[in-house]
2 protein chains.
Amino acid sequence: MTSTLNAVTNPRWLDETEMAAWRAFLSTAHLLERRIEEQLKAAAGLTHPQYEILVRLADAPGRQMRMTELAKGVIVSKSALTYQITQLERAGLVERTTCPEDDRGVLAVLTDAGTACLERTAPGHLEVVREYLIDHLTRDELETMTTAMRRTEQALRQ
Amino acid sequence: MTSTLNAVTNPRWLDETEMAAWRAFLSTAHLLERRIEEQLKAAAGLTHPQYEILVRLADAPGRQMRMTELAKGVIVSKSALTYQITQLERAGLVERTTCPEDDRGVLAVLTDAGTACLERTAPGHLEVVREYLIDHLTRDELETMTTAMRRTEQALRQ
DNA sequence: CTCCATTGGTTCAGATTTGAACTAGTACTC
DNA sequence: GAGTACTAGTTCAAATCTGAACCAATGGAG
């Protein structure tokens, strides 16, 4: 039994192999997202976007980043980032600073509490990533996926 | 320069290769999701979850499915599905029927308008999937990804 | 048959996301 | 240096998502 939406009826659509890849990718992404969200909420009261913000800031020089740059990194709208930074500021994990070079700009800065929170939270989070994704892939698959996904990421970022 | 969160400081975390794979996967998933959402909204006024519901129903025998089963397929909470089915019903693309075998149950049924909408929308949607994902992968990568993702999907569904 | 644990869906409140204004500051252009 | 187009962030309203509480209906166990 073939799907209603395949290349049999229209060659411009996706053939069996392509559709299988897309479906598997999509399901995995959504299921994993749910697991991650659940774990982070339970372990640290963080959402996944919030966690990602902390990671990006921790990796940035001076533990700080401009709002727009951060939004692009986390792949979220500017308004969503504004909201989340406000939340994280309330929690004491991040602070806002005005940017010295550009009076319009705002720098999000990771606080010591934010750093501590990330260090406390990362192991449990990465354990989920490992348990449900990484540990099910061979080294070859891992490398294939990295090069392939980087290529698509390039395309998606234009 | 290595990331703050890697296996150098703690072997239980992820090494460079693993982290690279995870990051690339995550970014691609998020960026692609945004593109898809944008295209579907512009072309058909649908959200991605809504489109997925139509696809699942179209592929189901009798073009109908139980709410819970559908929710699991689309990977969304029961309440989110209730909400979306109501939206789709309002748009005339889906109808609710009481389940004959189980008075508690509800069947979501794809209407003719729903089928037509899907057939009209699918090409444009699949074109995006092809342009930003499929066309950037070799046949080998495609197959590797399918087997790998299916394995992780299994694990995630327990 | 009756009790009770389970399952299927809905409702509800609260949190989050998005794009569309809007404000403020920057940087060309002439 | 004035005028205008652009960039950076925030605010706002509307839509959506989630988990918890809830209401039926089912299905054993005794």
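Note that the structure is predicted; figures quoted are calculated from it, not measured. Excluded from the calculations below are hydrogen atoms, water molecules and symmetry mates; all remaining heavy atoms, backbone and side chain alike, are included. Here is how names work: the chains are called A, B, and so on, in the same order as the sequence lines, proteins then strands, and each is numbered from 1.
- Atom-to-atom, OH of A:Tyr83 to P of D:dA14 comes out at 18 Å; the value is rounded to the nearest Å.
- Of the candidates A:Arg34, A:Gln39, A:Lys41, A:Glu33, A:Glu33 is the only one forming a side chain to side chain contact (heavy atoms under 4.5 Å, CB included) with A:His48.
- A salt bridge is defined here as a Lys NZ or Arg NE, NH1 or NH2 lying under 4.0 Å from an Asp or Glu carboxylate O, and A:Arg23 with A:Glu18 fails to meet this definition.
- For the pair A:Leu54 and A:Leu118, the tightest heavy-atom approach, listed with the atom from each and the gap, is O-CD2, 3.6 Å.
- Salt bridge status for B:Glu141 with A:Arg151: present, with a side-chain N to carboxylate O gap under 4.0 Å.
- Residue A:Glu37 comes nearest to A:Thr47 through the heavy atom pair OE2-CA, 3.2 Å, listed as atom of the first residue, atom of the second, then distance.
- A straight line from NE2 of B:His30 to C1' of C:dT18 spans 15 Å, rounded to a whole angstrom.
- Counting non-hydrogen atoms under 4.0 angstrom, B:Gln84 reaches the backbone sugars and phosphates but no base.
- Of the residues in residues 64-77 of chain A, those lying under 4.0 Å from DNA chain D by heavy-atom distance are A:Arg66, A:Met67, A:Thr68.
- Taking atom NZ of B:Lys41 as the reference point, atom P of C:dA20 lies 12 Å away to the nearest angstrom.
- Listed candidates were C:dT11, D:dC17, C:dT10. Nearest to the side chain of B:Ser79 is C:dT11.
- Interface remark: the A:Thr82 side chain does not form any donor-acceptor pair with the D:dG9 base, using a distance-only criterion of under 3.5 Å.
- A side-chain N or O of B:Thr152 and one of A:Thr28 form a donor-acceptor pair less than 3.5 Å apart.
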Subject >> Footprint string (nucleotides 21-27 of chain C, 5' to 3'): B base within contact, S backbone only, - free, heavy atoms under 4.0 Å >> reply: ---BBS-
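- One can place CZ of B:Arg34 at 10 Å from C1' of C:dG19, the figure rounded to the nearest angstrom.
- Residue A:Glu37 is out of contact with every strand shown, counting any heavy-atom pair closer than 4.0 Å.
- Taking every heavy atom of both residues into account, B:Thr144 and B:Thr147 meet most closely at O-OG1, 3.0 Å.
- Neither OP1 nor OP2 of C:dA15 sits under 4.0 Å from any side-chain N or O of A:Gln87.
- Here D:dA15 presents its P atom at 19 Å from CG of B:Leu81, a figure rounded to the nearest Å.
- With no hydrogens or angles considered, a side-chain donor-acceptor pair links B:Thr86 and B:Arg96 at under 3.5 Å.
- Applying the 4.0 Å criterion to OP1 and OP2 of D:dT10, one finds that A:Arg96 has a side-chain N or O inside that range.
- The heavy-atom pair separating B:Thr82 from B:Met67 by the smallest distance is CA-CE, 3.9 Å.
- When the C1' atom of C:dT18 is taken as reference, atom CZ of B:Arg35 falls 17 Å away, rounded to whole Å.
- If you take CG of A:Leu40 and P of C:dT16, they are 13 Å apart, rounded to a whole angstrom.
- The shortest heavy-atom contact between B:Arg66 and B:Cys99 is NH1-SG, 3.5 Å.
- Picking from D:dT16, D:dT18, C:dG9 the nucleotide with the shortest atom distance to the side chain of B:Gln50 gives D:dT16.
- In this entry the distance linking CD of B:Glu38 with P of C:dA20 reads 10 Å, nearest Å.
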